[in-house]
Structures are given as structure tokens and as C-alpha cells.
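Working notes, beginning with the structure itself.
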Amino acid sequence: AVLGRLRRMWSTMARSFRSERDEGYDMSDAETANAPRLASQWIASRQTVLPKRLVAPGPNAAELEQLFQAAAAAPDHDLINPWRFLIIPEHKRADLGELFASALLERDPSASVDQVDQARDKALRAPLLMLLIVDEAKGSADIDMHERVLSAGCAVQNLMLLAHAMGYGSGLTSGKALKAASFRAGLGLGASEHAVCFLSVGTVSSRKPFKARPEVAQFTRVWGDST
């Protein structure tokens, strides 16, 4: 029920966003009053779902456009847009699988046939698969890599939260392959670009139990407070 209300709220916000992007959202007083509570529940209910548990259907073209609009709302110092998403279409999945296999063999020439096949299989999961790339040199040199990665992380979180509101699951995966020379070359990454992680989105086929969230006191402290 909560997610249903959230999706209806987002639908209203999204329509307003597309037509009045520079003028803010056109929400009723009741929706505005409920938005903080619903948004808090929506964020808290998000759960990472492994790619092997994400199946078709994935987002359609209109939903994908909305997801990227949400990503574009991330903080971006000096508007340099230091990150990008590389979408891996269905007809390129086998090619990506070969890049995973080559990266494994580059790292471990003695890898077994089963291990190489498992590496290839990573490319075949989830209906929507994207690679997050961060450029350390784009725009002003005064904006360091930490800030660029933080901006990219905010973009990813925006996208994942909206995918959750749409009814999809999502998850992030990384690994040593992303740093392999053959992998980088195969995807056409520039010298200043870093492959950070893959982002998968799709319909959830099964979920694991929710993991406990950290308590606020575990990650906050008041400067000067010794308690």
C-alpha cells in the first residue's frame, strides 16, 4: 500500500517535472504534507537485489528517460557532469561476456573453463544493465575525484530510488574486471575515465530478507561532544 501511494505520488511529480522542469512541482497540499513521510518509507524500503534475481520486464523507454532525469538531478559542482552511464543493450551482452572472460584470463591465466563460463554469465543477467563511468579530468581540475565520485553516487541513488518507486529492483556490482586493460579497451574508456560499477535494474523474481540498517548513533557525532 505504501509503495502504491509512493508510485502515484511520483507519477504526479513526474508529469509536473516534464512539463514545468524549471518551475517546480505542482502538488496538492495533501500530497505536500504527506511527501516527507512517504519518501522516508520509500527510501527505507529500498533493498539491493542481485542481478541474478532481476528478470524481464525492465524499464521501458519512457521510464528509462525518467530514471536518467532523476540521475541528472544529482549535485554537480560547476555543472561539469563528471559521470556517465554506458547502457549494455541485449545484442551486446555476449560481447560483454567475452570482455569479462578476457579480464579473468588476463588476471588468472590458469582459470578453469567453469570459471571463465561464470565470468561470461555476468553479462547475461538483468534486463537493464549499465556501467557507471566517472571522468577524473572533465571540467575544472579544481574539482577532485572524491567530489566527482560523490556526485556519481548521488546520481545512482536517485536512479535506484526512482526505479524502486516504479516497482523495479536494482543492485550494484563491481569487481577486478573493471580495472583490466582488455576490459577498459573493449568498452572504449578514455585514459581519464574510471569504470566504477555496473547498475542492474529489472523485475524482482525473489528477495532476500531485509538486512538491519545501522543505527543513527553509529555514524553520527557532534563535534566537541565527548559522549
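Fair warning: this is a prediction, and the values are worked out from it, not measured in the lab.
- Counting only residues at least two apart or in different chains, side-chain hydrogen bond (donor to acceptor under 3.5 Å, both in side chains) contacts with residues 195-206 comprise Arg53-Ser206.
- Other residues sharing the hydrophobic cluster of Ile80, ordered by chain and number and joined by side-chain separations under 4.5 Å: Ile143.
- Scored by the side-chain hydrogen bond (donor to acceptor under 3.5 Å, both in side chains) test, Ser110 finds Asp108 as partners (sequence neighbours excluded).
- Crowding of Lys52 atom NZ: a count of heavy atoms from other residues, nucleotides or ligands under 6.0 Å not exceeding 12.
- Counting side-chain heavy-atom gaps under 4.5 Å among Ile, Leu, Val, Met, Phe, Trp and Tyr, the cluster of Val49 also holds Leu54, Val204.
- With sequence neighbours excluded, the residues forming a side chain to side chain contact (heavy atoms under 4.5 Å, CB included) with Asn158 are Ala70, Ala73, Ala74, listed by chain and number.
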- [ ] Check the pair Leu162, Gln69 against side-chain contact (heavy atoms from CB on, under 4.5 Å), reporting the backbone distance first and the verdict last.
- [x] CA-CA 10 Å; Leu162 179 53; Gln69 287 176 353; over 6 Å; no
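- Every residue was checked against the side-chain hydrogen bond (donor to acceptor under 3.5 Å, both in side chains) condition with Ser40, not counting sequence neighbours, and none meets it.
- With sequence neighbours excluded, the residues satisfying side chain to side chain contact (heavy atoms under 4.5 Å, CB included) with Gln218 are Pro214, Glu215.
- You'll find the side chain of Phe85 reaches within 4.5 Å of the side chain of Leu159, heavy atoms only.
- Side-chain atoms of Ser192 and Asp135 include a donor-acceptor pair closer than 3.5 Å.
- Residues satisfying the salt bridge (Lys or Arg N to Asp or Glu O under 4.0 Å) test with Lys176, not counting sequence neighbours, are none.
- Within the structure, salt bridge (charged side-chain N to carboxylate O under 4.0 Å, His left out) contacts touching residues 147-166 (residues at least two apart or in different chains) do not occur.
- Listed by chain and number, the residues in a side chain to side chain contact (heavy atoms under 4.5 Å, CB included) with Val116 are Ala101, Leu104, Leu105, Ala111, Arg120 (sequence neighbours excluded).
- In this structure, the side chains of Cys154 and Asp76 stay at 4.5 Å or more apart for every pair of heavy atoms.
- Proximity of Leu96 to Phe198: side-chain heavy atoms (C-beta onward) are separated by under 4.5 Å at one or more points.
- Residues passing the salt bridge (Lys or Arg N to Asp or Glu O under 4.0 Å) test with Asp121: none are found, sequence neighbours excluded.
- For the pair Asp142/His77, no side-chain contact is recorded, criterion being any heavy-atom separation below 4.5 Å from C-beta on.
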- [ ] I would like to know whether Leu67 and Tyr168 meet side-chain contact (heavy atoms from CB on, under 4.5 Å); could you show each step before the answer?
- [x] CA-CA 11 Å; Leu67 292 174; Tyr168 298 111; 5.8 Å; no
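- Partners of Leu86 under the side chain to side chain contact (heavy atoms under 4.5 Å, CB included) rule, at least two apart in sequence or in another chain, are Arg84, Ile88, Leu131, Ile133, Leu187.
- By the 4.5 Å heavy-atom criterion applied to side chains, Leu132 and Leu199 are not counted as neighbours.
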